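Model, not experiment: these values are computed from the prediction. Any value given below was found using the heavy atoms of this structure, including those in side chains, with hydrogens, waters and symmetry copies removed.
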Amino acid sequence: MSTRDEATRSRLPGREHDLSDWVLDSLGRVVTLLDLECGVILEFDEARASLEPHLSYQWPRSLDASRWQVFSDEWLGSLRAADSAIALSSMAERDAASFGLAFDDLGFASGLTAAIQGRDTLLGVLGVYDTSDRIFRAIDRQFVQSTADLIAQSFEHRRMREALDESEARYRSLFKDSRDAVYVTSRVGEVIDMNPAGLELFGYSRKELIGSNAERFYTEPSERDRFQRHISQTDSVKDFEVKLERRDGTVMDCLLTSSVQRDDSGTITHYHGIIRDITERKRLKEQLEKRALHDWLTGLPNRELLQTRLDEAISRAERHDEAFVIAFIDLDHFKEINDTFGHEAGDRLLEESASRLEAVFRHEDTVARVGGDEFIILLEHFEEESEKVIPERLEQVFGPPFDVRGQQLHLEASIGMSSRIGHQHSSELESASLMRAADRAMYRAKSEEGTTYHRFTPDGESRESSPRPRGLQRAHRLRRALQNDDIVRYYRPVVHIVSGAICGVELVARWHRSDRDPLEGSELLELAEHAGLLEPMTRHLMRGVREDWQILESRCFDTALPNLMLPVDDLQFDKGALDAAFEALDGHVPLPPDQIGLHIPESQLMGQHARVSELDEAGYCLMVDNFGMGYSSLNYLKELELDGLTIHRSFVRDVRHSASDRAVVKAGVTLGRQLDLNIIADGVESSAHLDALKSHGCEFVQGKTVGPAMLPDTLESRLETDDELLSIEGESASVD
């Protein structure tokens with residue numbers, strides 16, 4: 001304790017007591033960890049029914065003993081009845097149950113108080129205060145109350161030691177009624193007597209225990225030898241910490257307080273003492289210490305512990321001319337994951353990330369969590385040329401997908417690194433400069449498209465960057481494309497082969513990439529699934545479709561709206577994107593379900609029969625997509641009462657020259673007539689294709705010749721001028 005603290009303590013009125021050092025340490029730890037300004041322990045004076053200042057930590061010099069108030073019985077009674085800390089978020093909120101200091105004079109604005117509650121009486125109060133308005137969390141209140149409970153145990157222990165100094169008459173009463181184990185052993189260690197609490201603590205009956213040797217309690221013979229040496233030298237032992245074993249084999253942490261009894265000649269006759277089980281108290285203390293230095297969610301070291309280890313690493317590096325590396329890791333787009341799947345799913349993702357990081361790095365490396373989605377790795381005894389293995393190890397962490405609420409998500413990370421090679425720096429600022437360099441490098445990696453990691457030296461020199469793996473690059477770009485609304489909606493018309501009128505349009509999602517060909521169809525959906533974006537992308541597209549159709553309805557008063565056809569990829573059945581589509585469209589599109597067509601892959605009729613049946617019962621128009629490419633069951637076609645088939649473009653392309661292709665087209669048309677299905681032939685590229693399909697009785701067609709994919713504005717213009725037959729050449733304004 002500093003000179004100022006000693007002076008402050010000496011100025012406070014009240015009695016001095018023999019408290020353990022850890023009580024003051026505990027008070028200081030609370031003030032430090034909660035980043036407050038001061039704290040105080042007040043002891044309850046039963047005679048005066050008041051609280052007396054006993055021990056303070058960093059209390060302001062302005063405190064005058066005369067400002068302490070004698071608390072009312074009503075206030076003390078409410079405090080004794082309290083079962084948790086009393087939180088004051090603002091001085092304006094204090095009431096009869098608040099702490100009774102003259103806060104305004106002292107300049108305090110907030111604080112926490114907790115009862116130091118003994119087994120049957122109020123021992124005192126622990127209070128910590130700050131001059132700024134603080135909103136305390138539940139974990140802060142729990143921390144303060146847990147510390148008060150530990151201090152309460154210290155007071156109780158002190159009271160027990162005082163009781164042991166009292167008269168022999170009171171000793172027998174204490175022996176019988178004590179809640180701690182009280183024992184008497186002979187000179188050679190045989191148990192002469194033990195109180196009921198001791199019998200209960202160790203799990204023995206009196207008959208089993210009396211006459212046996214006390215060495216049976218020790219888990220290690222060396223511990224008993226150590227105890228014997230100590231007590232033989234001093235004739236007494238106070239708070240001797242040792243592990244003792246119960247009858248059932250469980251081990252507990254105990255404090256032994258024992259003394260030697262001699263006869264008039266000075267010969268040892270027996271030993272007597274007290275055994276206190278501190279297992280729970282020690283566990284709580286260790287838990288509090290761990291909580292102060294470890295992340296609450298992942299259990300990883302926090303920023304404070306990382307800083308300590310970094311300072312130690314710098315010292316070792318200076319002594320032995322060794323190198324180490326700091327890697328700053330930030331999870332990309334973690335906020336979007338939280339927003340989409342919820343904070344609980346985000347927490348599980350952070351826990352899994354932490355577990356994987358610990359698994360791929362060495363035991364001597366430090367993996368710390370320093371922020372919401374930020375991790376820092378400290379790697380010691382590292383060669384400069386070996387630094388490149390870090391991204392390789394991180395690829396093992398973020399390469400495999402993460403399971404988030406049943407969905408396989410591929411998580412990405414940006415990595416910034418800084419290194420200490422040899423005697424680059426020797427100043428006290430080296431730790432901060434290394435951390436800043438890693439932080440800057442991480443943000444550089446995040447800002448550069450396609451970069452996984454970047455490295456800076458502490459002096460600001462930019463060393464190198466590493467590209468993201470190709471799959472992660474594409475996923476990263478797709479996520480950015482969704483954010484920038486770069487996934488464009490096109491509509492491919494389905495045209496009546498005789499009249500040329502548009503009967504329906506099929507949605508086509510197309511991603512126009514600046515540096516390469518557009519991406520669409522199954523390839524785009526597979527990339528979205530790989531990046532964990534299939535459901536968000538589907539919702540995004542369906543919201544756009546909803547807006548397009550509402551605009552069409554408002555502008556095309558005299559024109560019937562065409563059917564809307566949605567291609568259903570195999571992945572969408574399993575990933576929930578189809579449900580997302582219906583949720584986005586339901587009640588917002590001016591079309592009944594039977595005018596919303598679903599192009600279902602032929603392979604899904606059997607594999608997803610129950611799901612397809614649900615869609616059929618909901619009234620949606622069901623089309624078997626790409627007929628001829630799979631193995632459909634005619635029974636399913638009949639049972640599901642499908643509305644149509646689409647003949648794959650590969651059969652239409654060579655329908656004039658290939659007998660087998662003509663056979664597939666004829667089979668599709670014949671099947672459609674027999675089952676009363678609409679048949680759509682895809683891939684019409686010329687008038688010759690049209691003539692051939694007409695001759696086989698096909699009624700509806702798709703393809704560039706009758707109408708390429710169109711933007712929403714072009715579709716609107718097309719519908720307004722669709723009273724006459726379309727030109728075979730299609731619309732010049734359409735976009736291919």
Side-chain angles (χ1 to χ4, degrees), residues 20-23 25-26 29 118-119 142-143 146-147 149-161 164 174-234 236-260 270-294 299 363:
S20 301
D21 291 341
W22 68 265
V23 175
D25 292 341
S26 297
R29 184 178 296 277
R119 289 189 176 93
Q142 180 183 0
F143 178 45
S146 298
T147 304
D149 292 340
L150 291 176
I151 293 173
Q153 292 187 30
S154 175
F155 280 119
E156 288 284 346
H157 192 210
R158 180 200 63 196
R159 295 172 71 189
M160 181 60 68
R161 292 199 306 270
L164 288 175
L174 175 66
F175 178 86
K176 179 181 177 181
D177 300 331
S178 173
R179 296 181 182 181
D180 294 321
V182 182
Y183 68 90
V184 181
T185 62
S186 70
R187 181 176 55 184
V188 294
E190 290 182 349
V191 178
I192 298 174
D193 202 358
M194 183 172 282
N195 69 342
L199 297 174
E200 182 180 356
L201 177 65
F202 287 99
Y204 292 97
S205 67
R206 180 174 295 278
K207 182 178 180 180
E208 292 172 321
L209 197 59
I210 303 303
S212 65
N213 199 293
E215 66 182 9
R216 73 192 305 173
F217 300 134
Y218 289 86
T219 59
E220 296 290 340
S222 60
E223 287 293 287
R224 185 171 185 272
D225 294 341
R226 185 167 65 92
F227 173 77
Q228 292 290 352
R229 286 195 304 271
H230 194 163
I231 200 168
S232 65
Q233 294 171 1
T234 62
S236 65
V237 171
K238 181 182 291 186
D239 291 343
F240 182 86
E241 188 169 342
V242 65
K243 291 185 181 296
L244 300 179
E245 186 175 310
R246 295 186 177 95
R247 181 180 181 180
D248 62 7
T250 58
V251 177
M252 52 186 173
D253 293 294
C254 297
L255 287 179
L256 271 64
T257 297
S258 184
S259 61
V260 174
H270 63 277
Y271 302 87
H272 65 79
I274 298 174
I275 302 173
R276 166 162 289 187
D277 178 10
I278 61 168
T279 306
E280 183 64 16
R281 188 182 85 180
K282 192 170 182 179
R283 185 191 68 80
L284 286 174
K285 183 178 179 181
E286 291 173 351
Q287 186 179 34
L288 289 173
E289 290 176 349
K290 182 175 181 180
R291 186 176 296 167
L293 297 174
H294 291 77
H363 178 72

Tell me the closest heavy-atom pair linking [X] and [Y], and the distance in Å.
{"X": "Ile210", "Y": "Met194", "value": "CD1-N, 4.3 Å"}
{"X": "Phe202", "Y": "Ala181", "value": "CE1-CB, 4.5 Å"}
{"X": "Arg187", "Y": "Tyr271", "value": "O-CE1, 3.8 Å"}
{"X": "His294", "Y": "Gly299", "value": "CD2-O, 3.2 Å"}
{"X": "Thr147", "Y": "Ser26", "value": "CG2-CB, 3.7 Å"}
{"X": "Ile231", "Y": "Ser236", "value": "CG1-N, 3.9 Å"}

Would you compute the distance between atom [atom1] of [X] and atom [atom2] of [Y] and round it to the nearest 0.5 angstrom?
{"X": "Asp277", "Y": "Lys282", "atom1": "CG", "atom2": "NZ", "value": "11.5 Å"}
{"X": "Arg179", "Y": "Arg276", "atom1": "CZ", "atom2": "CZ", "value": "10.5 Å"}
{"X": "Arg281", "Y": "Ser146", "atom1": "CZ", "atom2": "OG", "value": "14.0 Å"}
{"X": "Arg291", "Y": "Leu284", "atom1": "CZ", "atom2": "CG", "value": "9.0 Å"}
{"X": "Leu288", "Y": "Leu293", "atom1": "CG", "atom2": "CG", "value": "11.0 Å"}
{"X": "Ile192", "Y": "Leu209", "atom1": "CD1", "atom2": "CG", "value": "12.0 Å"}

>> Around atom CZ of Arg246, are there more than 12 heavy atoms from other residues, nucleotides or ligands closer than 6.0 Å?
In response: yes

>> Take a 6.0 Å sphere around CD of Glu280 and say whether it holds more than 12 heavy atoms from other residues, nucleotides or ligands.
In response: yes

Can you find a pair of side-chain heavy atoms, one from [X] and one from [Y], that are under 4.5 Å apart?
{"X": "Leu201", "Y": "Met252", "value": "yes"}
{"X": "Val242", "Y": "Phe217", "value": "no"}
{"X": "Val191", "Y": "Tyr183", "value": "no"}
{"X": "Thr257", "Y": "Asp239", "value": "yes"}
{"X": "His230", "Y": "Leu256", "value": "no"}

> Angle class for the Phe227/Tyr218 ring planes (parallel below 30°, perpendicular above 60°, tilted otherwise)?
Replying inline: tilted

>> Please evaluate residues Ser178 and Asp180 with respect to the criterion side chain to side chain donor-acceptor pair (under 3.5 Å), reporting the C-alpha separation (whole Å), side-chain torsions for both, the decisive distance (0.1 Å), and the verdict.
In response: CA-CA 5 Å; Ser178 173; Asp180 294 321; 4.6 Å; no

> salt bridge (charged side-chain N to carboxylate O under 4.0 Å, His left out) between Arg283 and Glu286: does it pass, once the steps are laid out?
Replying inline: CA-CA 5 Å; Arg283 185 191 68 80; Glu286 291 173 351; over 6 Å; no

Hey, does the side chain of [X] reach the backbone of [Y] with a donor-acceptor pair shorter than 3.5 angstrom?
{"X": "Arg206", "Y": "Asp193", "answer": "no"}
{"X": "Ser232", "Y": "Gln228", "answer": "yes"}
{"X": "Ser258", "Y": "His272", "answer": "yes"}

> Can you check salt bridge (charged side-chain N to carboxylate O under 4.0 Å, His left out) on Asp253 and Lys285, steps first, answer last?
Replying inline: CA-CA 13 Å; Asp253 293 294; Lys285 183 178 179 181; over 6 Å; no

>> Name the residue from Glu208, Arg216, Glu215 that meets the side chain to side chain donor-acceptor pair (under 3.5 Å) definition with Ser212.
In response: Arg216

